[in-house]
Amino acid sequence: MKSIARIFSTVAALLTLSACAAPLSTLDPAGPSATAISTLWWVMFWSSVVIFILMMAVLTTIWLRPGLARTVRPGKWIIYGGLAVPGALLTVLVGFALYTGERLLAHPIEDAPPRISAHGVMWQWQFSYPELGDVGPTRVLHIPAGQPVDILVTSGDVVHSFWVPRLAGKIDAIPGHENVVRIQADRPGSYQGVCAEFCGNGHTRMLFQVEAHEPELYANAVREAAQ
Amino acid sequence: MTDLTPETPSPIRLHKQLERIWGTGPGLQRLAAVNHTVIGKRFMITAFVFFAIGGLLAMLIRAQLATPNAAFVGPELYNQLFSMHGTVMMFLFAIPMLEGLAIYLLPKMLGARDLAFPRLTAYGYWCYLFGGTIIVVSMLFGVAPDSGWFMYTPLSSQPYTPGINADIWLLGVTFVEISAVSAAIEITVTILKLRAPGMSLNRMPLFAWYMLVTALMMVFGFPPLILGSILLELERAFGLPFFDPERGGDPLLWQHLFWLFGHPEVYIIFLPAAGAISTMIPVFAQRKIVGYHAIIAAIVALAFLSFGLWVHHMFTVGIPHLALAFFSAASAIVAIPTAVQIFAWLATLAHGRPRFDIPMLYIFGFFVVFVIGGLTGVMLAMVPFNQQAHDSYFVVAHLHYVLVGGFVFPMLAAVYFWLPHITGRQSVHRISVPAFWLIFIGFNLTFFLMHLTGLMGMPRRIYTYPSNFGWDWLNLLSSVGGFILTMGFALFAVDLILQFRFGRHFRRNIWKASTLDWAMPTRPTSYAFASLPKIEERADGIDPDRLGAELAAGKGYLGFARNNRMETLAVDMTTGRLEHLVVLPNATYLPLLSAGLTGSVVLCTLFKLYIGAIVFAIATVSSFFLWSRTTGLTTDSGPVPVGNGEFVPPDVEVDGSTPWWAMVFALSANGTLFASLIFGALYLWLVAPAWPPAEIADPGFWLWLAPVAMIVSSIVARWATGINRQGGNFAPALFAIVIIDGLTIVLISLALSALPDPTAHAHIATVAAILGYGWLHAAGGFCFALNGLMKARGGYVSARRSLPLRLSVLWHDYTAVTGVIGALLIGAMPMLIGMLEGVR
């Protein structure tokens with residue numbers, strides 16, 4: 001048992017280690033939304049590892065110890081393996097995921113978060129700041145750190161997708177529609193963003209930077225960048 | 001017609017007589033083949049060729065991604081590579097492969113001599129070959145589709161993809177889809193009607209159940225994509241703005257239509273493979289399958305569920321969370337019927353005496369790979385996680401685990417299992433085992449790591465990446481794995497050639513299987529069974545060795561050759577009671593001709609030679625009249641002997657013959673297409689930007705006359721069959737239909753010409769599309785009435801033989817119903833648009 005635990009912790013450490021070096025890693029969250037999703041991932045990952053090992057154990061038992069496998073009646077295989085166990089697990093998982101998802105939505109909150117517009121055109125992002133006197137557009141997305149920010153995502157031509165993996169999940173920029181995603185960077189710093197929906201020859205180049213500033217420095221940073 | 005059962009000659013003579021009737025001629029006569037064994041093999045071989053092409057494209061992709069900042073290919077070429085890889089694997093490998101397997105196996109498993117519509121099988125094959133060739137050849141000219149296999153608009157629309165690339169996808173794939181839908185209809189009707197007497201539904205082998213469900217899913221799953229492709233091509237070629245957000249269209253409509261097809265597609269691919277597993281596992285476990293009824297319930301549930309999941313491909317497009325919750329839960333629930341099947345298979349192995357062979361090795365590979373794919377599938381069904389993983393390499397990993405695990409591994413098992421059936425030679429296993437391990441290890445090395453690559457943020461469809469994102473070692477190992485996988489497949493190909501060349505001949509039923517497909521000589525003869533069995537137990541528990549010898553000796557039904565006709569039997573759908581005699585059409589070049597003409601329509605449309613397209617379309621329809629010309633009988637025969645002392649009527653004298661049912665399913669597919677069109681019209685009204693339109697389409701009172709004419713036509717069609725049933729002269733009624741349908745065409749043309757410019761707004765474009773749909777159906781009714789007249793002149797219609805008239809009734813009823821619905825929607829549009837401010 002001890003050795004298994006050691007293997008598990010080594011795997012987790014390796015995964016996290018390699019993830020840390022990656023500026024686009026969802027496993028190295030830097031905000032509440034990405035953290036919640038990463039928790040959901042680790043829960044699902046370890047449950048899946050257990051389920052997979054159990055399945056392989058069953059398969060091996062059938063092959064190597066046929067007598068043992070035969071003690072479970074045929075109907076029970078289907079009722080437990082096919083219906084009861086997956087049914088119970090899935091109900092719990094779906095509930096947990098919906099609860100997580102609901103918390104990440106851009107619900108109205110007491111201190112209305114700043115709203116920033118992200119407009120995707122082939123093949124760059126343009127960020128503007130209607131609440132700061134409509135300055136912009138800037139090529140780098142500037143946000144205040146430590147508080148939620150709502151990004152209004154639109155497109156000027158084809159479908160793009162706004163994704164800053166360390167901060168939150170992605171949302172598509174669809175021509176004719178306006179979508180909102182709430183992001184938050186816990187600490188000031190630079191975060192990498194990328195277009196996640198295939199948008200033609202320049203799709204690969206459609207990267208962008210997110211700069212999170214101390215809240216009191218935010219407005220000035222935007223004005224400076226816009227010049 | 002004699003009342004005496006023809007005598008059964010000696011087995012050798014019987015073989016020679018039947019072979020002369022059913023066989024395909026040598027040399028160029030091979031082009032006239034309609035035989036299911038021949039065409040099934042052609043489908044599978046062609047699919048494997050496309051698989052090799054798709055694999056080669058994948059290798060180029062892996063070569064480019066092996067190192068950061070690679071300059072092997074640029075984005076223009078890379079976009080073609082991945083678009084073509086997906087398109088080829090989905091449309092030109094997976095679907096045709098499963099069709100080929102079904103075409104080859106189904107009649108043999110059901111105890112019939114061929115499929116219900118041999119000429120349609122051949123037509124489907126040629127359409128597939130021509131369509132696939134158009135798509136693949138486009139690569140050689142550097143104009144292959146480059147907007148992804150999912151063709152999201154507006155990227156695939158005219159302004160952003162001005163070249164011919166997207167048109168090749170839309171027209172080529174639609175061409176292949178037509179082949180797939182016709183195969184689906186044929187498979188459905190064959191399973192429901194052409195079974196051995198006594199094989200009730202609950203005695204059918206599981207493979208037939210799986211294929212029945214799959215084929216029905218294709219009938220209802222493919223039309224949304226066909227409609228979407230037609231609408232997008234109309235937008236690209238003529239500027240009708242269905243998907244243009246600035247003119248009242250919506251790019252999301254394309255995504256809905258695409259995934260309405262795309263998700264069922266995944267199960268359409270998985271189910272036949274699962275059917276093959278359900279057939280092979282009992283053989284190697286040496287016991288009957290556990291949970292026969294549970295499996296049937298599971299796959300029916302899976303089929304229904306799979307149509308309610310499509311939105312899980314669209315979790316990031318901005319649909320409200322509550323709606324996503326529904327699709328998320330449905331996507332998780334779908335794991336349950338899958339788990340039921342997996343545990344039924346495990347229980348079969350647990351309660352049997354499993355023995356090892358190469359197919360079992362691949363089934364082991366299936367278990368490992370598919371379980372991982374299922375687990376990541378449940379993860380992706382969770383909305384928040386999906387919003388991180390969507391469009392990242394995590395999804396690439398997941399979909400390959402599901403499709404390779406759920407389709408390729410089972411198919412490789414199936415190849416090793418049925419290859420002796422096809423070649424008549426025993427396997428030599430020397431290099432099968434190393435080939436398997438190369439494939440298994442190579443696959444997992446390539447794709448398992450991609451889960452992590454995706455979690456580390458690598459988006460799909462980028463042609464290169466900088467070195468500082470931490471993806472270098474993962475991509476390099478994936479590429480190494482990809483080349484190991486390729487070596488495995490190369491070894492597999494060599495292995496197959498060796499089996500063909502050096503395998504030893506064997507007598508019968510090499511695996512000790514207990515399904516009907518082994519109760520025949522292997523290699524199979526063209527007529528499959530020298531005489532047809534009577535089934536008295538579940539058809540996955542028969543003894544092929546005993547039964548095969550009896551059938552070869554002509555001791556079953558139809559153990560004789562009669563009038564140079566290809567005869568087989570049809571049964572009652574549910575009970576399997578012997579119902580009628582089916583006379584199938586002999587080998588002919590007509591399918592090749594019709595497919596060539598259809599291909600010319602596609603090519604002309606591709607190069608915008610619309611006059612030519614219309615000419616060839618008329619020629620295609622005319623060629624179908626040639627199909628119909630000599631089908632049927634010119635005299636009433638009454639019940640004829642079919643052996644075992646039994647007498648049944650021929651197909652032309654019964655109500656529910658196979659063409660009638662084919663028409664029912666064809667109209668079901670057509671109805672799904674129409675429903676998708678109505679969905680599209682209402683969706684745009686409710687959701688699309690840039691509404692209300694500046695101008696409202698009002699086709700005037702012509703619009704209201706058209707459905708009235710359609711109803712009248714449908715009443716007259718019924719009247720014509722009534723007259724015929726009483727032996728009267730129905731020709732004047734058919735003439736009346738021809739005239740009314742001609743009038744309907746004129747009325748709808750007037751309504752169309754009264755419309756404002758349909759390129760101005762999607763509202764007008766959808767009205768035009770609905771009118772166009774009605775126009776085509778009036779024209780179709782015109783053809784059915786003409787066909788009735790032609791058949792009557794040839795003496796093929798009598799009070800008993802009324803099929804041409806009844807087909808015409810079905811068509812006209814359908815036209816009238818859709819015509820009324822379409823007219824009501826068009827008529828209600830001005831009011832609906834007036835309500836917009838309230839509902840949005």
Side-chain angles (χ1 to χ4, degrees), chain A residues 15 18-19 21-27 36-37 40-41 44 48 51-52 55-56 58-59 62-63 66 69-70 72 74 77-78 81-83 86-87 90 93-94 97-98 100-102 104-105 157-159 161 165 169-172 174-177 179 194-201 203-204, chain B residues 75-76 79 148 152 154-155 160 245 250-252 290-291 294 316-318 321 325 328-329 332-333 335-336 339-340 342-344 346-347 349-351 354 367-368 371-372 375 378-379 382-385 387-388 390-392 452 455-457 459-464 468-471 688-690:
Chain A
L15 284 177
S18 62
L24 282 166
S25 179
T26 64
L27 304 180
I37 298 175
L40 175 63
W41 151 254
M44 294 194 296
S48 299
I51 294 171
F52 180 75
M55 288 289 290
M56 291 307 118
V58 169
L59 195 58
I62 288 171
W63 217 260
R70 223 167 284 155
V72 183
W77 281 85
I78 293 173
L83 294 172
L90 289 170
L93 179 60
V94 169
L98 287 180
T100 306
E102 198 60 29
L104 306 183
L105 295 180
D157 37 50
V158 302
V159 182
S161 191
K170 59 183 73 65
I171 192 85
D172 291 353
I174 297 165
H177 294 264
N179 283 327
V194 65
C195 172
E197 183 60 79
F198 176 60
C199 56
N201 287 341
H203 173 52
T204 308
Chain B
E76 294 82 5
N79 295 346
Y152 274 10
L155 184 61
Y160 304 105
D250 193 343
L252 282 181
V290 168
T316 63
V317 303
H321 191 241
S328 169
I333 289 171
I336 289 178
V340 166
I342 288 183
F343 277 88
L346 287 175
L349 287 171
H351 285 266
F367 268 116
V368 175
V371 166
I372 294 178
L375 290 168
V378 170
M379 295 179 189
M382 301 303 120
V383 178
F385 179 69
Q387 289 170 340
Q388 279 287 30
H390 178 69
D391 269 332
S392 80
L452 185 56
L455 289 171
M456 288 172 68
R460 301 174 73 174
R461 302 164 188 130
I462 55 173
Y463 78 99
T464 190
N468 57 346
F469 287 167
W471 308 329

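Just so you know, these numbers use all the heavy atoms, side chains as well, and skip hydrogens, waters and symmetry mates. Chain letters run A, B, ... following the sequence lines, proteins first and then strands; every chain starts at 1.
Pairing each heavy atom of B:Ala294 with each of B:Val340, the nearest pair is O-CG1, 4.0 Å. Between A:Ala69 and A:Ile62, the closest heavy-atom pair is CB-CG1, 3.9 Å. The two residues B:Ile336 and A:Gly87 make their nearest non-hydrogen contact at CD1-CA, 3.7 Å.
Of the atoms belonging to B:Tyr152, it is side-chain heavy atoms, and not backbone ones, that fall under 4.5 Å from chain A. Heavy-atom distances place the side chain of A:Leu105, and not its backbone, under 4.5 Å from chain B. Proximity to chain A (any heavy atom under 4.5 Å) is shown, for B:Ala344, by both the backbone and the side chain. Interface remark: A:Val159 contributes backbone and side-chain atoms alike to the contact with chain B (heavy atom separation under 4.5 Å). Within the 4.5 angstrom heavy-atom criterion, atoms from both the backbone and the side chain of A:Val94 approach chain B. Only the side chain of A:Leu104 comes within less than 4.5 Å of a heavy atom in chain B; its backbone stays farther off. Using a 4.5 Å cut-off between heavy atoms, A:Pro66 contacts chain B through its backbone alone, with no side-chain atom that close. With a 4.5 angstrom heavy-atom cutoff, B:Tyr160 touches chain A only via side-chain atoms. With a threshold of 4.5 angstrom between heavy atoms, B:Ile342 approaches chain A through side-chain atoms but not through N, CA, C or O. With a threshold of 4.5 angstrom between heavy atoms, A:Met44 approaches chain B through its backbone and through its side chain.
Under the 4.5 Å side-chain criterion, counting only non-hydrogen atoms from C-beta, B:Phe469 is not in contact with A:Val194. With a 4.5 Å cut-off on side-chain heavy atoms, A:His203 and B:Ile462 count as touching. Counting only heavy atoms from C-beta outward, the side chains of B:Pro251 and B:Pro245 approach each other to under 4.5 Å. Residues A:Pro165 and A:Thr26 form a side-chain contact, since some pair of their non-hydrogen atoms from C-beta on lies under 4.5 Å apart. Looking only at side-chain heavy atoms (C-beta outward), A:Leu24 and B:Trp471 come within less than 4.5 Å of each other. With a 4.5 Å cut-off on side-chain heavy atoms, B:Phe367 and B:Leu346 count as touching.
The choice from A:Thr100, A:Leu59, A:Val58 that makes the most heavy-atom pairs within less than 4.5 Å of chain B is A:Leu59. When B:His390, B:Met382, B:Gln387, B:His321 are compared by the number of non-hydrogen pairs under 4.5 Å with chain A, B:His321 comes out ahead. In terms of heavy-atom pairs under 4.5 angstrom with chain A, the leader among B:Met379, B:His351, B:Arg461 is B:His351. Options A:Leu83, A:Asp157, A:Leu40, A:Ile51 differ in how many heavy-atom pairs under 4.5 Å they form with chain B, and the most are formed by A:Asp157. Interface check for chain B: of the options A:Ala97, A:Gly176, A:Gly81, the most heavy-atom pairs under 4.5 Å are formed by A:Gly81. In terms of heavy-atom pairs under 4.5 Å with chain A, the best-connected choice from B:Ala347, B:Ala325, B:Ala339 is B:Ala347. Taking B:Val383, B:Ile372, B:Ile333 one by one and counting their heavy-atom pairs under 4.5 Å with chain A, the maximum is reached by B:Ile372. Among B:Pro689, B:Ala350, B:Ala688, the residue making the largest number of heavy-atom pairs under 4.5 Å with chain A is B:Ala350. Between chain B and the options A:Gly101, A:Gly200, A:Cys195, A:Ala36, heavy-atom pairs under 4.5 Å are most frequent for A:Gly101. When each of B:Ala335, B:Ser328, B:Ala332 is checked for heavy-atom pairs under 4.5 Å with chain A, B:Ala332 comes out on top.
Under a 3.5 Å cut-off, the side chain of A:Trp77 and the backbone N or O of A:Val72 do form a donor-acceptor pair. Side-chain atoms of A:Thr204 come within 3.5 Å of backbone N or O of B:Tyr463 as a donor-acceptor pair.
Residues A:Asp172 and A:His177 bring no donor and acceptor atom of their side chains to less than 3.5 Å of each other.
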